[in-house]
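Notes for the one structure printed next.
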Amino acid sequence: MSPDKRPLVVKFGGSSFATPGAYAQLAHALDARIAGSGRRLAVVVSAMPGETERLRERLHEVNPRPTGARVAGMLTLADTVSAQLLAAALQRLGRGATVLVGHETGFTTTDTFMWAGLERIAPEPLRRALAEHEVVVVPGGQAVDGLGRPTWLGKNSSDLSAVATAVALGASACEIHSDVHGIHSCDPHRIDGTRLLDQVAYDDAATMSRHGAKVLHHRAVRLAQQHGVTIRCRHNKAPFTQGTVIGPGGPSASAVVLNLRSRVLDYPDPAAADRAHRAFRADGVETLRLPDGPQVAVIGGYVDAEETQLRHGVTPGRPCGFPVTVLHEDRTAVHTAADEPAAVRLAQHLHDELALSEEQLLPTSAV
Ligand SMILES: Nc1ncnc2c1ncn2[C@@H]1O[C@H](COP(=O)(O)OP(=O)(O)O)[C@@H](O)[C@H]1O
Ligand SMILES: N[C@@H](CC(=O)OP(=O)(O)O)C(=O)O
């Protein structure tokens, strides 16, 4: 296949599917993209907003302590529904579309079921499917372990599936569409005066997402870096304006990270905090060991922190607030706010300070 006829790899997150009508609209846009570019498409999709958590609640009603295998088997269904709907909408327009679910993608992980680590990306299944179909739709977050059992790459992991798809297909770029145009200097839905960052280096994007910036999954950034895949962040509505490009270079980013699902846990002493940190990491849960005290920040929530700690024989830490991170001149500082309103106020204040000190943050292109 000549390079310019290689399939395009595009991802549409849950925010792209706010209503059932969104599938037909997106199918029309993708149909036009195929016609315009003459290229086939690998489309990675996420569940409709809230669907994954609805399934989690239903599972917990039946069993408040489900095994990892049940969580992986159940929660990934939400993304499968999304993929099937998009493929059906494309077929209605006459496009040859198929769906590759977890055991068909060629993605193999560790056997931790939830937050499983991606170990192998076999290129053949996706390449074969794209030789036979104009569009291959992949539900994000799904894979199998070495024994072929379904595993889950974790919360918000469709970005990781998108980059893995690009790697499998030898694509040089992966387009990630969302309800924002790209990475901002802070969450534009919560903080005033944020600035869209045009170009962000892999390391900075990974630091921001590791501290909880929801727009991109941090393991996706690292996988892209490892394989030299450029990530193009785009808006999820036509004309799909490109916002941020993530690649090897870029000015050092100044940003504030706010994620109200993250929590800071406090421990009696540093050794206890170290043990808790190791326990979370062993389960693949994103945590930060904070340097200024016996504290651990659990990033992004979506995990029964108490249960994880008890299972590893660790006395659970005391939730003591919300982390807010400042990234400036290659340094990061994590602050703790007591409650949600205080965290938003703190993030706004820190962002205003950054904007004052950084000419690049003056609101010339504030969004
Ligand atoms: N620094 C940031 N830049 C842009 N968006 C951010 C940032 N931090 C948090 N966000 C949030 O990330 C959201 C997009 O991520 P997500 O909800 O996972 O989208 P999708 O469902 O499309 O994958 C935005 O709506 C925004 O509120
Ligand atoms: N089922 C996944 C879907 C996902 O990755 O979401 P998004 O791409 O919208 O962040 C989840 O909710 O975690």
Side-chain angles (χ1 to χ4, degrees), residues 10-18 22 26 43-57 71-83 102 114-115 138-143 152-164 175-191 193-198 200 204-205 207-221 231 233-237 240 243-244 246 253-262 286 299-303 324-327 343-344 347 350-351 354 361 367:
V10 297
K11 180 240 165 178
F12 287 83
S15 61
S16 311
F17 305 113
L26 179 58
V43 189
V44 178
V45 297
S46 308
M48 290 181 87
E51 285 295 301
T52 306
E53 292 313 303
R54 250 188 295 284
L55 291 180
R56 187 200 297 275
E57 280 164 24
V71 176
M74 184 91 184
L75 269 52
T76 48
L77 295 174
D79 307 275
T80 300
V81 170
S82 211
M114 296 150 65
W115 318 96
V138 176
Q142 303 183 358
W152 186 37
L153 299 171
K155 192 71 195 160
N156 302 124
S157 58
S158 297
D159 296 335
L160 179 58
S161 300
V163 175
E175 303 179 11
I176 306 248
H177 299 73
S178 190
D179 61 348
V180 284
H181 288 71
I183 302 186
H184 289 239
S185 52
C186 194
D187 186 341
H189 290 139
R190 296 197 181 274
I191 297 302
T194 64
R195 176 180 176 276
L196 180 64
L197 308 176
D198 302 332
V200 177
D204 284 350
T207 302
M208 285 180 73
S209 43
R210 199 159 50 82
H211 284 254
K214 200 164 166 276
V215 66
L216 268 185
H217 193 284
H218 113 261
R219 284 195 271 154
V221 178
I231 298 179
C233 299
R234 302 188 117 171
H235 192 222
N236 61 14
K237 298 274 176 301
F240 304 111
T244 308
I246 300 163
S254 287
V256 174
V257 180
L258 171 70
N259 185 330
L260 293 175
R261 283 195 169 267
S262 303
E286 300 293 342
I299 301 302
Y302 301 110
V303 64
V324 178
T325 301
V326 182
L327 176 71
V344 175
L350 292 168
H351 188 271
L354 262 192
L361 279 177
V367 179

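Because the structure is a prediction, the values reported are computed rather than measured. Just follow the structure's listing: the first ligand is 1, and inside any ligand the first atom is 1.
- Considering all non-hydrogen atoms of both residues, Cys233 and Gly182 come closest at CB-CA, 3.6 Å.
- Atom 12 (O) of ligand 2 has its closest protein heavy atom at Lys155 NZ, 2.8 Å.
- Using modelled atom types and a 3.5 Å distance limit, the side chains of Glu286 and Ser262 yield no donor-acceptor pair.
- Nearest non-hydrogen protein atom to atom 2 (C) of ligand 2 is Asp79 OD1, 3.5 Å.
- Atoms of ligand 2 lying under 4.0 Å from any heavy atom of Ser157, numbered from 1 in the order shown and given with element: 5 (O).
- Looking at Lys214 next to ligand 2, no N or O pair under 3.5 Å apart turns up.
- The distance from atom CG of Leu26 to atom CZ of Phe240, rounded to the nearest 0.5 Å, is 6.0 Å.
- Residue, atom and distance of the protein heavy atom nearest to atom 13 (O) of ligand 2 are Asn156 N, 2.6 Å.
- Considering only heavy atoms from C-beta on, Val344 comes within 4.5 Å of Leu258 through its side chain.
- Distances from ligand 2 to the non-hydrogen atoms of Ala78 include no value under 4.0 Å.
- Scored by the salt bridge (charged side-chain N to carboxylate O under 4.0 Å, His left out) test, Glu175 finds Arg33, Arg234 as partners (sequence neighbours excluded).
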Please assess Lys214 against Asp187 for the test salt bridge (charged side-chain N to carboxylate O under 4.0 Å, His left out), listing each intermediate value before the final yes or no. CA-CA 8 Å; Lys214 200 164 166 276; Asp187 186 341; over 6 Å; no
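- The Thr52 neighbourhood of ligand 2 comprises atoms 1 (N), 2 (C), 11 (C), 12 (O), with distances under 4.0 Å to a heavy atom of that residue.
- Proximity of Gln142 to Leu153: side-chain heavy atoms (C-beta onward) are nowhere separated by under 4.5 Å.
- Of the heavy atoms in Pro49, none comes closer than 4.0 Å to ligand 2.
- Ranking the protein heavy atoms by distance from atom 9 (O) of ligand 2 puts Gly14 N, 2.8 Å first.
- Near Lys11, meaning under 4.0 Å from any of its heavy atoms, are these atoms of ligand 2: 8 (O).
- Side chains of His211 and Thr325: a donor on one and an acceptor on the other come within 3.5 Å.
- Using modelled atom types and a 3.5 Å distance limit, the side chains of His177 and Ser16 yield no donor-acceptor pair.
- Ligand 2 does not have Glu51 within reach: every non-hydrogen atom of the residue lies 4.0 Å or more from it.
- Distance CZ/Arg54 to OG1/Thr52: 9.0 Å, rounded to 0.5 Å.
- Looking at atom 8 (O) of ligand 2, its nearest protein heavy atom turns out to be Ser46 OG, 2.5 Å.
- Taking Ala213 as the reference, Met208, Val257 meet the side-chain contact (heavy atoms from CB on, under 4.5 Å) condition, with sequence neighbours excluded.
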Could you pull out the N/O contacts under 3.5 angstrom between ligand 1 and the surrounding protein atoms?
from: ligand 1; atom 1: 1 (N); to: His184; atom 2: O; distance (Å): 3.1
from: ligand 1; atom 1: 3 (N); to: His184; atom 2: N; distance (Å): 2.9
from: ligand 1; atom 1: 17 (O); to: Lys214; atom 2: NZ; distance (Å): 2.6
from: ligand 1; atom 1: 18 (O); to: Lys214; atom 2: NZ; distance (Å): 3.3
from: ligand 1; atom 1: 19 (O); to: Ser178; atom 2: OG; distance (Å): 3.1
from: ligand 1; atom 1: 21 (O); to: Gly14; atom 2: N; distance (Å): 3.0
from: ligand 1; atom 1: 21 (O); to: Ser15; atom 2: N; distance (Å): 3.0
from: ligand 1; atom 1: 22 (O); to: Ser15; atom 2: OG; distance (Å): 2.6
from: ligand 1; atom 1: 22 (O); to: Ser178; atom 2: OG; distance (Å): 2.9
from: ligand 1; atom 1: 23 (O); to: Lys11; atom 2: NZ; distance (Å): 3.2
from: ligand 1; atom 1: 25 (O); to: Asp179; atom 2: OD1; distance (Å): 2.8
from: ligand 1; atom 1: 25 (O); to: Asp179; atom 2: OD2; distance (Å): 3.1
from: ligand 1; atom 1: 25 (O); to: His189; atom 2: ND1; distance (Å): 3.0
from: ligand 1; atom 1: 27 (O); to: Asp187; atom 2: OD1; distance (Å): 2.7
from: ligand 1; atom 1: 27 (O); to: Asp187; atom 2: OD2; distance (Å): 3.2
from: ligand 1; atom 1: 27 (O); to: His189; atom 2: ND1; distance (Å): 2.9

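- Taking Lys155 as the reference, Glu53 meet the side chain to side chain donor-acceptor pair (under 3.5 Å) condition, with sequence neighbours excluded.
- Close approach of ligand 2 to Gly13 is summarised as follows: ligand atoms under 4.0 Å from at least one heavy atom of the residue are 8 (O), 9 (O).
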